[in-house]
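Report on the structure given below.
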Amino acid sequence: QVQLAESGGGLVQAGGSLRLSCAASGRTFSSYAMGWFRQAPGKEREFVAAISWSGRSTYYADSVKGRFTISRDNAKNTVYLQMNSLHPEDTAVYYCAATSRVVVTTKIKEYDYWGQGTQVTVSS
C-alpha cells in the first residue's frame, strides 16, 4: 500500500515556474514507477510525465516536453515535477500516481495509487 500527498500548487503568471512535490508513505516507494497526470475543468485526466523506479528513465507528454522535468528522491520518498515556462493551458489539478508495473506506463488505468491532487492555476 502506498499513500501519496501532493503539494506545491498555486497561482502563477504565464511564463512562471512551480515545483510540485509528491510525498509517499511506505517502505517500498523505490519499487514503484511514478507518474504525474492533470485534469483541467471539463476535460479528461491526461498523462504529463513519468519516471522509472530508479529515476534513469523519464517520459513526457508532447505538450510539456522541454518545459517540465520529473525527478525523484528515493531516500526522501518523494517525486517532483518542476514546471517552467507555464502557459494558461497548463491550468489543472495535478495528480501524482504510483504503478507497480515493471515497465513505466503512461496509461491512467495502469496506475495503482493516486494522490488527492493539487491545483495549479496559470494566469495570462
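From a predicted model like this one, the values you see are computed outputs, not experimental measurements.
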Inset, instruction - Quick one: do Gln1 and Tyr113 satisfy side chain to side chain contact (heavy atoms under 4.5 Å, CB included)? Show the steps, please. - result: CA-CA 8 Å; Gln1 193 87 9; Tyr113 304 102; 4.1 Å; yes
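Val104 approaches Ala50 most closely through the heavy-atom pair CG1-CB, 3.5 Å. Scanning all heavy atoms of the two residues, the minimum distance from Val122 to Thr91 falls at N-OG1, 2.9 Å. Summarising the geometry of Ala92 relative to Ala40, their closest heavy-atom pair is CB-N, 3.8 Å, with the distance given to 0.1 Å. Shortest non-hydrogen contact noted between Ala97 and Tyr111 is CB-CD2, 3.5 Å. The two atoms that bring Ala98 and Met34 nearest to each other are CB-SD, 3.5 Å, heavy atoms only. The shortest non-hydrogen separation linking Pro88 to Ala14 is CD-CB, 4.1 Å.
By the 4.0 Å N-to-carboxylate-O rule, Arg101 lies too far from Asp112 to be salt-bridged with it.
For the pair Ile70/Tyr80, no side-chain contact is recorded, criterion being any heavy-atom separation below 4.5 Å from C-beta on. No side-chain heavy atom of Trp36 sits under 4.5 Å from any side-chain heavy atom of Ile51. Residues Val48 and Phe68 are in side-chain contact: their nearest non-hydrogen atoms beyond the backbone lie under 4.5 Å apart.
Atom NZ of Lys43 sits in a sparse spot, with 12 or fewer heavy atoms from other residues, nucleotides or ligands closer than 6.0 Å. Under a cut-off of 6.0 angstrom, the local environment of CD in Gln119 is crowded, with over 12 non-hydrogen atoms contributed by other residues, nucleotides or ligands.
Distance SG/Cys96 to CD/Glu6: 4.0 Å, rounded to 0.5 Å. If you take CD on Gln82 and OG1 on Thr69, they are separated by 7.0 Å, rounding to the nearest 0.5 Å. The CH2 atom of Trp53 sits 7.5 Å away from atom OG of Ser30, with the distance rounded to the nearest 0.5 Å. Between atom CD of residue Glu89 and atom OG of residue Ser63 there is a gap of 9.0 Å, rounded to the nearest 0.5 Å. The distance from the CD atom of Gln116 to the CG atom of Leu4 is 9.5 Å, given to the nearest 0.5 Å. Remark: Thr78 OG1 to Leu20 CG distance equals 12.5 Å, nearest 0.5 Å.
Between Trp114 and Tyr95, the ring planes lie perpendicular to each other; the angle is over 60°, past the 30° to 60° tilted range.
In this structure, Tyr59 has its ring center at least 6.0 angstrom away from the ring center of Phe47.
The hydrophobic cluster containing Phe37 does not contain Tyr60, counting ILVMFWY residues as joined when their side-chain heavy atoms lie under 4.5 angstrom apart, directly or transitively. Both Val93 and Ile108 are assigned to one and the same hydrophobic cluster, defined by single-linkage of ILVMFWY side chains at heavy-atom distances under 4.5 Å. Linking Ile, Leu, Val, Met, Phe, Trp and Tyr whenever their side-chain heavy atoms come within less than 4.5 Å puts Tyr94 and Val2 in one cluster.
When each of Thr118, Leu81, Val120, Asp90 is tested with Arg38 by the rule side-chain contact (heavy atoms from CB on, under 4.5 Å), just one qualifies, namely Asp90.
Screening residues 7-17 for side-chain hydrogen bond (donor to acceptor under 3.5 Å, both in side chains), with sequence neighbours left out, gives Ser17-Asn84.
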